[in-house]
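Input: a single structure, listed below in structure tokens.
Since the structure is predicted, the reported quantities are computational estimates derived from the model, not experimental observations. Numbers for residues simply follow the sequence, beginning at 1.
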Amino acid sequence: LGVTKRVFDLWHVFHLPLVWIMFAIVGGIVVNLDITERVALEERLQLAVDTDVLTHAYSRRRFYELLREEIARANRYRRPLALVMFDIDRFKQINDEHGHLIGDEVLASLCKVVHGQFRKSEHLARFGGDEFMLVLPEARLEDAVRIVERLRESLAGHTFCEAGAVTCSFGIAEYLPDASADSRSAT
């Protein structure tokens with residue numbers, strides 16, 4: 001919900017009787033409390049909790065929420081769901097050779113590249129230091145492999161500041177509603 005809609009929904013209205021005469025109210029005071037700033041602050045706080053400040057990817061906590069929501073949606077509509085886990089190859093070496101500031105630049109730049117490669121309905125989350133998760137609703141294993149290959153090519157063609165070229169290792173899993181425990185997966 002937008003700030004404007006929530007403000008109208010959340011206004012507090014208090015009615016206080018002025019004078020009681022023969023059990024009848026002859027006047028009153030109405031107090032409207034504008035909570036626009038508070039709602040905006042709550043939204044900024046929620047965004048801070050939900051996203052990683054460095055990469056602007058979703059936080060690990062938000063990832064688990066999104067994954068639960070997407071699994072429920074996949075079950076409800078009997079649609080596929082793919083999950084991709086990836087990490088940066090030799091990231092410790094990048095930090096050791098170039099320093100942590102360059103490592104941070106690599107993480108932020110990588111996430112920009114990744115964000116440019118998928119739809120709004122897909123979700124990128126930072127799972128750990130240099131580990132990321134992609135939640136791909138409506139994607140079968142074959143779709144996820146194509147997405148990962150496109151992402152791999154984009155990363156291969158990108159120069160990451162002083163670190164130069166960076167590669168990643170990917171793992172892909174497919175969730176099929178009502179599938180047995182031996183669902184297909186590939187790495």
Side-chain angles (χ1 to χ4, degrees), residues 43-74 79-177 179-187:
E43 288 177 353
R44 284 194 309 271
L45 288 172
Q46 190 63 52
L47 183 64
V49 168
D50 286 347
T51 56
D52 177 67
V53 71
L54 175 64
T55 63
H56 302 289
Y58 285 119
S59 65
R60 186 177 187 152
R61 186 196 63 79
R62 181 67 179 130
F63 161 74
Y64 284 122
E65 290 175 354
L66 286 167
L67 187 59
R68 275 192 300 273
E69 292 168 12
E70 293 299 343
I71 288 172
R73 187 185 338 268
R79 304 296 301 155
L81 172 68
L83 181 66
V84 176
M85 181 176 198
F86 67 98
D87 72 343
I88 301 172
D89 297 332
R90 296 179 295 284
F91 186 69
K92 182 181 180 328
Q93 183 180 351
I94 292 170
N95 276 336
D96 290 347
E97 289 180 12
H98 302 285
H100 290 274
L101 289 177
I102 298 300
D104 287 352
E105 285 183 38
V106 168
L107 291 170
S109 185
L110 178 127
C111 286
K112 270 189 183 173
V113 171
V114 173
H115 272 116
Q117 295 296 315
F118 62 83
R119 304 171 298 183
K120 284 189 178 257
S121 62
E122 298 168 339
H123 313 288
L124 173 66
R126 186 172 181 192
F127 198 69
D130 67 322
E131 299 166 340
F132 296 89
M133 302 294 268
L134 268 174
V135 180
L136 307 171
E138 300 287 328
R140 301 195 65 87
L141 183 63
E142 300 80 20
D143 302 321
V145 168
R146 278 193 300 278
I147 290 168
V148 164
E149 184 57 27
R150 189 176 68 233
L151 181 56
R152 189 196 60 73
E153 288 172 3
S154 293
L155 293 171
H158 187 83
T159 301
F160 292 87
C161 57
E162 294 175 30
V166 170
T167 59
C168 293
S169 296
F170 296 87
I172 304 170
E174 178 183 31
Y175 176 78
L176 296 171
S180 65
D182 63 335
S183 290
R184 297 180 303 158
S185 66
T187 55

Run the salt-bridge test on [X] and [Y] with the 4.0 Å N-O cut-off and return the result as yes or no.
X      : Y      : answer
Glu65  : Arg68  : no
Asp143 : Arg146 : yes
Glu131 : Arg126 : no

Could you check if a side-chain atom of [X] sits within less than 4.5 angstrom of a side-chain atom of [Y], using non-hydrogen atoms only?
X      : Y      : result
Glu174 : Arg140 : yes
Asp89  : Val166 : no
Leu110 : Ile88  : yes
His158 : Phe160 : yes
Glu43  : Gln46  : no
Met85  : Phe170 : no
Leu151 : Phe118 : no
Leu83  : Met133 : yes

Taking all atoms of both residues into account, what is the closest heavy-atom pair of [X] and [Y], and its distance?
X      : Y      : answer
Pro177 : Ala74  : CG-O, 3.1 Å
Cys168 : Leu155 : SG-CD1, 3.8 Å
Thr55  : His115 : O-CE1, 4.3 Å
Ser59  : Val49  : OG-O, 3.1 Å
Phe132 : Cys111 : CE2-SG, 3.4 Å
His123 : Ser121 : NE2-O, 3.3 Å

Can any side-chain N or O of Arg60 pair as donor or acceptor with the backbone N or O of Phe127 at less than 3.5 Å?
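At least one qualifying donor-acceptor pair exists.
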Treating Glu122 as the side-chain partner and Arg119 as the backbone partner, does any N or O pair qualify as donor plus acceptor under 3.5 Å?
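Side chain of Glu122 to backbone of Arg119: a pair is present.
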If I take atom [atom1] from residue [X] and atom [atom2] from residue [Y], how far apart are they, to the nearest 0.5 angstrom?
X      : Y      : atom1 : atom2 : answer
Lys112 : Ser154 : NZ    : OG    : 15.5 Å
Arg61  : Asp52  : CZ    : CG    : 13.0 Å
Leu107 : Ile102 : CG    : CD1   : 11.5 Å
Ile94  : Asp130 : CD1   : CG    : 8.5 Å

Partners meeting side-chain hydrogen bond (donor to acceptor under 3.5 Å, both in side chains) with Arg150 (sequence neighbours left out):
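Expected list: Gln117.
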If you count every heavy atom of other residues, nucleotides or ligands that lies below 6.0 Å from Leu54 atom CG, does the total exceed 12?
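More than 12 heavy atoms, drawn from other residues, nucleotides or ligands, come within 6.0 Å of this atom.
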Can you name the residues that form a side-chain contact (heavy atoms from CB on, under 4.5 Å) with Thr51, not counting sequence neighbours?
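Residues passing side-chain contact (heavy atoms from CB on, under 4.5 Å) with Thr51: Leu47, Tyr58.
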What salt bridge (charged side-chain N to carboxylate O under 4.0 Å, His left out) pairs are there with at least one residue in residues 93-109, not counting sequence neighbours?
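Sorted pair list: Lys92-Asp96.
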